[in-house]
Amino acid sequence: MALSPWSIGVFTSIDAGLGVHLDVARELGVPSIQLHTPHAAGRTPAAAEAFLKKLDQYGIELTCVFGGFDGESYADIPTVEKTIGLVPAETRAARLKEMKEIADFARLLGCDVVGLHLGVVPHDIKSKEYLDVVEVTRQLCDHAAKNEQAIHLETGQETADSLLQFISDTQRPNLFINFDPANMILYGMGEPIEALRKVGKYVRSVHCKDATWSDQPGKTWGAEVPLGKGQVDIALYLKTLKDIGYTGPLTIEREIPQEPERQKAEIQHAVDLLTNLKASLGTK
Ligand code: MG
């Protein structure tokens, strides 16, 4: 089933991650989802088959499987630096192995896109730490290439310029970007629209999420807020996606799983907002 351009989607979870359950996506009536990987015990061929059956029954297309690891914490920005993704050296080898398993699970789901938060890439591009992160990313990309998959790096933990440098240094043709405008604000890594224009040629999937700036950008978190209520400027975000020629899905993320009713209501509101903005831009 081929998706229409700018197909609206929602970020979902099974037993890990901050997304809604697939049943909520069905109730919302969206045509596409991204999925946060389940824990290892849930990444079996039988689980993949059961999930695919549900997707087929619901008429929903899976567009990206996101990796994630035990031990990660988004408690504050310094903790992110220590715990997220493939950057922390102590867990890197084990997480690379697990990320390859997640890619293989995505393949069982027929999904050719695997996303992740790589972590906070070291800033000194001549340092061993930086080159090690380049190397592990190459290994992940090469594994994904064997599965005919692309790797999409979630934005926010780097500035647009640093991300461009990193992609250029990694030199892998299947390395792209999942652009999250709210993360640019939450992490204090730059104005999202300007960043999107800079990295546009690599953007192959996006999150529709909103946020307000911290009073100490880069030191403390901004706040994630419902779509349209923050400082991204969602109308300009969509117009910019149009300008850069983006035609992939628009995946809504609202990371408040502790309040499921509110989460669902706010995602419904986001679906309506995006539907109206799409119409106003002539991309129904
Ligand atoms: Mg995101």
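Numbers for residues simply follow the sequence, beginning at 1. Read the numbers this way: they start at 1 and go in the same order the structure lists the ligands and their atoms.
Remark: Glu224 does not engage Lys209 in a salt bridge, criterion side-chain N to carboxylate O under 4.0 Å. Using a 4.0 Å cut-off between a side-chain N of Lys or Arg and a carboxylate O of Asp or Glu, Arg197 and Glu194 do not qualify as a salt bridge. Salt-bridge check for Lys198 with Asp161: passed, with a basic side-chain N closer than 4.0 Å to an acidic carboxylate O.
By the 6.0 Å contact criterion, CD on Glu148 is open, its count of non-hydrogen atoms from other residues, nucleotides or ligands being 12 or less. Environment of CD in Glu49: sparse, with no more than 12 heavy atoms of neighbouring residues, nucleotides or ligands closer than 6.0 Å.
Partner Phe179 forms a side-chain contact (heavy atoms from CB on, under 4.5 Å) with one of Leu196, Ile244, Leu163 and no other, that one being Leu196.
Inside a sphere of radius 2.8 Å centred on the Mg ion (ligand 1), the protein N/O/S atoms present are Glu154 OE2, Asp180 OD2, His207 ND1, Glu253 OE1.
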